[in-house]
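Taking it in order: structure first as structure tokens, then the write-up.
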Number of protein chains: 2
Amino acid sequence: MPKDQSTEDRIKDAAKSIFVQKGYAGARMQEIAEEAGGINKALLHYYFRSKDQLFEKIFEEVFQEIMPKLNAVLNLEGSVLEKIDAFVDEYISNIRRHPHIPLFVIHELSQNPDRFVQKVTANPGLPNVARLMMEIMEAMERKEIRTFVPMHLFMNILSMCVFPFVARPIIQSVTQMDDLNWDQMMDDRAEMIKRFIHAALEVE
Amino acid sequence: MPKDQSTEDRIKDAAKSIFVQKGYAGARMQEIAEEAGGINKALLHYYFRSKDQLFEKIFEEVFQEIMPKLNAVLNLEGSVLEKIDAFVDEYISNIRRHPHIPLFVIHELSQNPDRFVQKVTANPGLPNVARLMMEIMEAMERKEIRTFVPMHLFMNILSMCVFPFVARPIIQSVTQMDDLNWDQMMDDRAEMIKRFIHAALEVE
DNA sequence: GTCTATAGCTGGATAGAC
DNA sequence: GTCTATCCAGCTATAGAC
């Protein structure tokens with residue numbers, strides 16, 4: 001445990017780790033205190049007042065940490081296929097670095113969908129999906145890529161990038177993959193998805 | 001609330017509904033009792049002894065309910081493409097009927113991955129993924145379909161079927177879809193996925 | 001700022017009347 | 001089988017010494 005960190009930061013890191021793994025309802029203040037290097041439970045309240053407020057702070061941070069990155073790639077210049085490739089690369093590499101974040105965000109938002117709206121209205125960094133939809137449609141009209149309903153295409157891409165990490169425990173069980181196998185598989189994941197999408201979209 | 005149901009069944013239905021929505025840690029025995037039509041809390045313990053055992057029963061039931069169906073489609077006769085189509089149809093229609101199940105199962109299994117192993121060893125109904133992998137490889141060698149790493153192909157298919165339902169609150173927020181829009185979109189989902197997969201797999 | 005001690009509450013579980 | 005009343009553990013939160 002890094003001793004050069006302020007107590008507040010140690011608590012935040014610990015809280016993030018525990019909340020992300022166990023969710024709000026499953027997390028315990030005591031466990032967070034221990035994770036923070038044996039800090040006293042009372043200090044969590046000294047710094048953050050309540051479990052609710054600590055969670056809110058963490059969720060906010062996680063959200064602010066991922067959204068701008070995910071958004072940036074949608075604003076790149078280039079062809080639709082280039083954009084999709086960049087999207088896949090960015091998502092896969094981000095999620096590999098923080099594999100528990102998607103399930104955490106999904107689970108907490110499904111408990112309280114309003115949270116998302118609040119976060120988003122407070123913050124203009126919402127991914128600009130509408131623009132991508134437009135560009136996909138234009139590329140289809142120009143016959144650059146095969147025609148699909150853009151929203152479904154978008155869902156397909158997103159799903160292939162995110163889902164394996166969300167469902168990792170199930171997938172590993174069903175397919176009998178060990179952790180080493182899993183990592184090797186994920187090393188190729190971005191390339192595989194891009195190849196798959198290109199194959200589906202190419203006009204003959 | 002159906003009065004012709006036994007108390008035990010009312011409790012099971014209520015527990016399923018609450019556990020599936022809130023997860024084990026987020027569920028409250030009191031809430032389950034109310035959901036069961038104002039039944040007394042003590043009765044939950046009379047019938048199921050503890051929250052743990054009630055949950056275990058529910059999880060078991062959910063698991064037994066979905067696994068055989070998901071498994072059956074993998075044992076069908078036919079070409080690989082036919083099998084994939086059947087897989088997509090079966091998954092989409094099942095999940096549309098029980099849209100909260102996947103996130104529930106994923107979330108609880110990520111809290112306790114061993115649970116899956118127990119369920120599976122106790123029950124031979126595990127989806128036979130290995131066989132599908134084999135058939136995919138053979139079809140690729142025969143040049144019936146384009147070549148991909150079979151496991152990635154499998155993940156792609158599974159992801160496209162399941163993920164939209166898991167991430168529904170986020171997707172609806174990001175894309176500004178209302179519920180009507182969502183339902184219309186999901187009416188076409190199976191067809192869209194099949195078209196997408198066929199396009200990706202077709203050899204020119 | 002950090003600790004100990006403890007208050008106060010929530011929620012799972014049980015006893016016992018009916 | 002079902003209810004009321006109550007217990008008790010575990011958890012959040014606070015008071016107060018240092």
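Below, read A as the first sequence line, B as the second, and so on, with proteins coming before strands; counting in each chain starts at 1.
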Legend entry - Residues forming a salt bridge (charged side-chain N to carboxylate O under 4.0 Å, His left out) with A:D187, sequence neighbours excluded: A:R96

Legend entry - Pairing of A:E202 and B:R146 as salt bridge, 4.0 angstrom limit: yes

Inset, instruction - Check for a donor-acceptor pair, side chain of A:R10 on one end and backbone N or O of A:A36 on the other, with a separation under 3.5 Å. - result: yes

Legend entry - Salt-bridge criterion met for B:E191 and B:K194 (N-O under 4.0 Å): yes

Inset, instruction - Name every residue in residues 15-34 of chain B that has at least one heavy atom under 4.0 Å from any atom of DNA chain D, in order of residue number, or write none if there are no such residues. - result: none

Legend entry - Residues A:R168, A:D179; criterion salt bridge (Lys or Arg N to Asp or Glu O under 4.0 Å); working and verdict: CA-CA 10 Å; A:R168 174 173 177 174; A:D179 290 345; 3.3 Å; yes

Inset, instruction - Give a yes or no on whether the backbone of B:E90 and the side-chain of B:N94 come within a donor-acceptor separation of less than 3.5 Å. - result: yes

Inset, instruction - Just say parallel, tilted or perpendicular for the rings of A:H107 and B:H107, cut-offs at 30° and 60°. - result: parallel

Inset, instruction - Would you kindly give the CG-to-P distance between A:D52 and D:dT12, to the nearest whole Å? - result: 11 Å

Inset, instruction - Look at atom CZ of B:R131 and say whether more than 12 heavy atoms of other residues, nucleotides or ligands are closer to it than 6.0 Å. - result: yes

Legend entry - Plane angle bin for B:Y24 and B:F19 - parallel if under 30°, tilted between 30 and 60°, otherwise perpendicular: parallel

Legend entry - Structure string for DNA chain D in dot-bracket form, Watson-Crick and G-U at under 3.5 Å, | interchain: ||||||||||||||||||

Legend entry - Strand contacts (DNA chain D) in residues 41-48 of chain A, 4.0 angstrom heavy-atom criterion: A:K41, A:A42, A:H45

Legend entry - Span of DNA chain C, from the first to the last nucleotide whose atoms fall under 4.0 Å of chain A heavy atoms: C:dG1 to C:dT4

Inset, instruction - Identify, with sequence neighbours excluded, every residue that meets side chain to side chain contact (heavy atoms under 4.5 Å, CB included) alongside B:A25. - result: A:A25

Legend entry - A:F48 and A:F55 aromatic centres sub-6.0 Å: no

Legend entry - Presence of salt bridge, B:K83 and B:E135, under 4.0 angstrom: yes

